[in-house]
Amino acid sequence: MKKALITGITGQDGGHLATLLHEKGYEIYAIIRGQQNPRRSQVEQEFPYVHLIEADLTDPSSLVRAMQTAEPDEVYNLAAISHVGYSFKDPQLTADVTGKGVLNLLEAIRLTDTNNKVRFYQASTSEMFGGLDYNRPGAGYDEDSLFHPRSPYGVAKLYAHWITRNYRESYGMHASCGILFNHEGERRGLEFVTRKVTNAVARIKLGTQEYIELGNLESKRDWGYAGDYVEGMWRMLQQDKPGEYVLATGETHTIREFVELAFAEIGLKLTWRGEAEKIEGVDQNGVVRIKTNPIFYRPAEVDILLGNPAKAEKVLGWKRKVDFRGLVKLMVEHDIELESPVKLI
Ligand code: NAP
Ligand code: F7E
């Protein structure tokens with residue numbers, strides 16, 4: 001039986017990965033931080049087979065102890081301050097956790113794994129590319145595209161990306177980076193735009209909310225389903241050689257398109273009026289459903305993300321299963337079920 005150590009078990013990807021590794025027969029350990037992590041009991045209920053270890057990416061000795069307890073074959077580093085907007089508000093914490101935290105974990109592995117047998121996965125991100133005029137994605141960003149991060153989060157992730165590669169080159173570690181484009185689903189945090197929208201759409205259907213306040217509706221994202229993406233992470237660590245892999249759908253859509261599709265799921269068709277930071281989305285009954293609020297705009301934006309997953313498809317045999325429409329539908333349906341006072345039988 002293989003053993004895996006996961007960081008970020010309380011987050012979106014941690015939940016999907018724990019489910020996948022359990023199905024594959026792994027013994028699973030995961031670190032959890034904080035004296036009273038509010039999500040601990042939910043994790044204990046949902047994943048009773050996961051052994052929880054108290055540790056924090058900013059506490060190197062706790063990571064050494066986690067490694068000594070778990071003695072894993074594979075380590076998946078999913079923990080991070082992961083919200084781009086929040087990273088502008090707390091850039092130093094973001095650097096400590098999302099950037100230097102990865103160095104702490106790599107060191108803990110190097111110091112405890114004397115036979116150099118551990119395989120390591122680092123959660124790199126499309127936010128490293130930036131989407132600027134001189135660096136447009138063309139047919140899609142791939143593993144060789146230029147980096148130009150546009151947020152404290154993106155900059156911290158780029159450090160993490162390169163320190164992971166450096167540990168591979170310096171110490172021969174089996175360390176891989178998945179450069180993942182946005183992936184969403186029923187486990188997505190409510191602070192991210194897709195889940196914020198689908199949850200609000202569910203509440204609008206049920207009559208407990210009237211409208212949604214959003215920021216920039218024009219940025220474009222390459223959105224896939226998180227359940228498909230954790231399969232790609234696992235496949236990276238099953239390769240003989242470590243490397244970098246883009247996981248993406250190869251399609252890009254505006255936030256506005258996501259919003260329109262989500263409302264269509266509950267039978268509302270939006271039309272738009274106004275421009276720039278004063279746009280409103282109005283349904284066919286004349287009710288305003290979308291308003292914009294400057295607090296949701298970022299100091300610097302990534303206008304467009306589009307990924308080219310050709311290498312992952314060829315080498316890993318990976319392909320996303322859920323398409324854009326399917327993703328919106330599954331999220332809206334899940335949130336209607338979640339928000340319903342009486343569960344439908
Ligand atoms: P998420 O839902 O925000 O989860 C982040 C996790 O990090 C949580 O479990 C959180 O635990 C943990 N964490 C935060 N600070 C920590 C610390 N100091 N020590 C230990 N754990 C800490 O993120 P996600 O969407 O699952 O994404 C997983 C990883 O992939 C992240 O690294 C993210 O940056 C990266 N990524 C995500 C996407 C995407 O579209 N989802 C795309 C590319 C890359 P607490 O409960 O303790 O807060
Ligand atoms: O924003 C715009 C916002 O926060 C997407 C993380 O998982 O993927 C994620 O980062 C877009 C941006 O995700 C709101 O300005 C408009 O253009 O859902 P998001 P993200 O920034 O793309 C990458 C790949 C990661 O690695 C990250 O960890 O939507 N937007 N209105 C809004 N965004 C939010 N959050 N809230 C709004 O009200």
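Order of listing sets the numbers, starting from 1, for every ligand and every atom in it.
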Exercise. Does Y153 have a non-hydrogen atom less than 4.0 Å from ligand 2?
Worked result: yes
Seminar exercise, completed: atom 38 (O) of ligand 2 sits nearest the protein heavy atom K196 NZ, 2.7 Å
For this session: Could you check which of A55, A79, A80 puts a non-hydrogen atom nearest to atom 21 (N) of ligand 1?
Result: A79
Seminar exercise, completed: If we number the atoms of ligand 1 from 1 as shown, the ones under 4.0 Å from a heavy atom of K157 are 31 (C), 32 (O), 33 (C), 34 (O), 35 (C)
Exercise. In terms of atom number and element, which parts of ligand 1 are under 4.0 angstrom from non-hydrogen atoms of G8?
Worked result: 6 (C), 9 (O)
Exercise. Applying a strict 4.0 Å limit to heavy atoms, is R188 in contact with ligand 2?
Worked result: yes
Problem set entry | Nearest-option assignment for atom 34 (O) of ligand 1, heavy atoms, candidates F192, Y121, Y153, W223 | Y153
For this session: Return the option from N293, N216, V84, N182 holding the heavy atom at the smallest distance from atom 16 (C) of ligand 2.
Result: N216
For this session: Identify, for atom 15 (O) of ligand 2, the protein heavy atom at the shortest distance, and state residue, atom and that distance.
Result: E301 OE2, 2.6 Å
Seminar exercise, completed: Counting heavy atoms under 4.0 Å, the part of Q12 that contacts ligand 1 is both
Problem set entry | N37 contact mode with ligand 1 (heavy-atom cut-off under 4.0 Å) | side chain
For this session: Provide the number and element of each atom of ligand 2 under 4.0 Å from a heavy atom of S126.
Result: 24 (C)
Problem set entry | Q92 atom CD, neighbour heavy-atom count above 12 within 6.0 Å | no
Exercise. Should the ring pair Y229 and H183 be called parallel, tilted or perpendicular, given that the plane angle runs from 0 to 90° and is split at 30 and 60?
Worked result: parallel
Exercise. What atoms in ligand 1 come closer than 4.0 Å to a heavy atom of T10?
Worked result: 8 (C), 9 (O), 10 (C), 11 (O), 45 (P), 46 (O)
Exercise. Relative to ligand 1, is S126 under 4.0 angstrom through side chain, backbone, both or neither, heavy atoms considered?
Worked result: neither
Seminar exercise, completed: Closest to atom 19 (P) of ligand 2 among protein heavy atoms sits R298 NH2, 3.7 Å
Exercise. Are the side chains of R256 and E218 in touch, meaning some heavy atoms are under 4.5 Å apart?
Worked result: yes
Exercise. Counting only heavy atoms not in Q239, do more than 12 sit closer than 6.0 Å to its CD atom?
Worked result: yes
Exercise. Can K2 and E74 be counted as an ion pair, charged N to O under 4.0 angstrom?
Worked result: yes
For this session: Using a strict 4.0 Å threshold on nitrogen-to-oxygen distance, state whether E213 and K196 make a salt bridge.
Result: no
Exercise. For residues W162 and Y167, is any side-chain donor paired with an opposing acceptor at under 3.5 Å?
Worked result: no
For this session: For atom 31 (C) of ligand 1, state which one of L78, L93, D59 supplies the nearest heavy atom.
Result: L78
For this session: For I255, take its heavy atoms, then give the atoms of ligand 2 lying under 4.0 Å from any of them.
Result: 11 (C), 29 (O)
Exercise. Within a radius of less than 6.0 Å around CZ of F192, do more than 12 heavy atoms belonging to other residues, nucleotides or ligands occur?
Worked result: yes
Exercise. Within less than 4.0 angstrom of ligand 1, does R187 place any heavy atom?
Worked result: no
Exercise. Can you tell me the protein heavy atom closest to atom 5 (C) of ligand 2 and the distance?
Worked result: V193 CG1, 3.8 Å
Exercise. Quick one: does ligand 1 sit under 4.0 Å from the side chain of L57, the backbone, both or neither, non-hydrogen atoms only?
Worked result: both
Exercise. Which residue owns the protein heavy atom closest to atom 17 (O) of ligand 2, what's the atom, and how far is it?
Worked result: S219 OG, 2.6 Å
Problem set entry | Side chains of N77 and T7, donor plus acceptor under 3.5 Å | yes
Exercise. Would V230 and V322 show up in the same hydrophobic cluster when neighbours are defined by side-chain heavy atoms closer than 4.5 Å?
Worked result: no
Problem set entry | G85 touching ligand 2 at heavy-atom level, < 4.0 angstrom | no
Exercise. Using 30° and 60° as the class limits, which term best fits the ring planes of Y49 and H22: parallel, tilted or perpendicular?
Worked result: parallel
Exercise. At their closest point, which heavy atom of I9 faces which heavy atom of I31, and how far apart are they?
Worked result: CG2-O, 3.6 Å
Seminar exercise, completed: min-distance protein heavy atom vs atom 27 (C) of ligand 2 -> S82 O, 3.3 Å
Exercise. Hey, is H83 one of the residues with a heavy atom under 4.0 angstrom from ligand 2?
Worked result: yes
